[in-house]
Amino acid sequence: MNVRKAQVSFVVGEDRRLSEIISRSEIESLLRSLVKAGPVWAAVLDEDGMLLCRQGADTGLVPLEEFRHALLVEGEPQGTLVMAVDPSIGSAGEALALLARDALQFTITNNLKRMLTTEIHTTVVKESYDQLVETNKMLTASEKSYRDLAFSLEQQVEERTSELQKAYARMLQQEKLAAVGSLAAGMAHEINNPNGFVHSNLVTFSHYFERMRDMVNFYQMQIANNIPLHKLHLDSEQKRRELKLDYVISDSSELLKESIEGTERIARIVADLKSFSHVDESGYSDADLNIELERTLSVLVPQISPGTVIVRELQPLPLFGCNPGLISQAFLAIIQNAAQSRTEALKIHVSSRCTAHEIVIGIADNGCGISAHNITRVFEPFFTTHEVGCGTGMGLTVARDIVQAAGGSIVIDSVESTGTAVTIRFPLVK
Amino acid sequence: MIEFDEQRKRIVLKLVYYGPALSGKTTNLLTLHDLLSPEGRGELMLLDTTEDRTIYFDLLPFFYVAPSGMKIKLKVYTVPGQVRHDATRKAVLQRADGVVFVADSQPSQMTVNFESFDNLEKNLAMVGLSIERVPLVVQFNKRDLADSVPEDDVRTAWGPSGVPVFMASALKGWGVMETFHEVLGLMFDSINAQHGLTARFGVERELFLAEILTVQR
């Protein structure tokens, strides 16, 4: 069953009664004129034979002659014209009746035409208007939904942006942790080494200490037994030789000296790490970038393969306002890359200089270099040439972000299998 | 059906001539008007037109009284073919009992024919009628033109649909009566099946058709 979508208020072709098409006054004026022209009376009846209108009256003086003509609506007889004349007027009666019928018929047809035209026009206009109203309603709704969308879009963008910022902060933190992790591995080795020999020295020293205590106990016993002095001298000399005390004492002082040095080394490593990480500082301060470079190199030593030549060419630099902890993290990432660029006969050249406008830091190596294809991607997050799990792909990304945050710029020049030069520039604000 | 008054024994039917602009719908009605006897039919009513184009509709009414006293009024309409008058087409199509689709035989008009037929199907559905069920006859008009699409092509295209197809030249006056006769028969059968015109109201098919189709002497 089809649902009617368009509602039209009337049906084209709906039948109409004669009285709906032609008005009483229209008939009346026509009949009045007719009666003036001769007939005694004239009337119009509807389709059921009911009187619609009548003009003139039967005087009853003479018998009248009646003429009847059907009035057609769309070919269907819907009424009758009745006219009575005095037969004495002759054939004029018939002519008048026909004339009157034609006049009425003409009026009916024209009225009907006008009604149909008006009706269909009204219907079409109404439907078009309804459609316009409907369209307008839809447009308004759609506009509202777009406005809502635009509004919520702004909110969504804000939410997503803050999510992204948080994610980026987390990523930075992870990169830092990864850097700390690889540092920690090197540091652990570096600390384990002195810690190992300090421990071994102390174990040896505890054996020496037993012997020294034996010697002291021997003396106490001899003195308590009132042994004569010359015998005591001889016995103790023999005991001393048995315990190899001369060697023990000289070796002990060597052991302790070494151990003290070892713990000092550990202390220094911890201090380096602490100063590198700027764990005691928070945020912004004036820093000497040369010192930051040195600290970075010192914590990196365990990660740099033996035999590597590190050339320092550091000119005095003015203090630079920055976050030293972050700057050294950037240096670390770059120098780490250099350290990994070659396993043997590696040469790393670290330089710094200062012009009137800027501080320029250079870190160059004679390593494997970066291919022309890859060099455009090195700053991309998560881009790495290391095997999965060996690099985060975030080192240079973070380094660039740190340098840029400090108002600086970073440029990498590289020739494959010849070496890479990284240049960092920090403008000096006057 | 416009009206069905059992008590007054009166039924008013509607036949609509549909089709693209300038395919000859009004000419069909004019030709019917000229050919058929004025007995039992009304005058052709051409509603106001601009530049000879139908903008509302044309109406040719017929009135038949069966020997049983049953009155059948048949109103034959045209619709405006121009796309912009869709609302008028919809209004005229309401409660139609039969449709003649007048197509233009010129090869350039084939797309227009198709679009108009598509529009007919859509509008029939909108007024609650189904193109599958409504008595429908297709007339390929303007066959007098030299470049008409070949009849074989038309028959091949329309054959599978089962819809009766007539070739006509409304201007020359041929094919018009055949189209009208066919659709009238289909309409009678359809109404007869639903309301028992013959069984309940004593209206004989052949008598009805012969009366309406009486040719002017």
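Any value given below was found using the heavy atoms of this structure, including those in side chains, with hydrogens, waters and symmetry copies removed. By convention in this document, chain letters (A, B, ...) are assigned in the order of the sequence lines, proteins followed by strands, and residues within each chain are numbered from 1.
Between B:L207 and B:Y64 there is a side-chain heavy-atom pair separated by less than 4.5 Å. Looking at B:Y56 and B:P80, their side chains never come closer than 4.5 Å, going by heavy atoms from C-beta outward. By the 4.5 Å heavy-atom criterion applied to side chains, B:M1 and B:I191 are counted as neighbours.
Using a 4.5 Å heavy-atom cut-off against chain B, the contacting residues of residues 56-93 of chain A are A:V73, A:E74, A:G75, A:E76, A:P77, A:Q78.
Counting only N and O atoms by type, the side chains of A:E143 and A:T140 include no donor and acceptor under 3.5 Å apart. Side-chain contact annotation: B:R89 with B:N119, donor-acceptor N/O pair under 3.5 Å present. Using modelled atom types and a 3.5 Å distance limit, the side chains of B:N141 and B:D104 yield no donor-acceptor pair.
Using a 4.5 Å cut-off between heavy atoms, B:E43 makes no contact with chain A at all. Heavy atoms of B:L93 lying under 4.5 Å from chain A are absent altogether. For chain A, the nearby parts of B:V92 are the backbone and the side chain; heavy atoms of each come within less than 4.5 Å.
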Check: Yes or no on salt bridge (charged side-chain N to carboxylate O under 4.0 Å, His left out) for B:K25 and B:D58, after CA distance, side-chain angles and deciding distance?
Finding: CA-CA 9 Å; B:K25 300 173 289 295; B:D58 308 314; over 6 Å; no

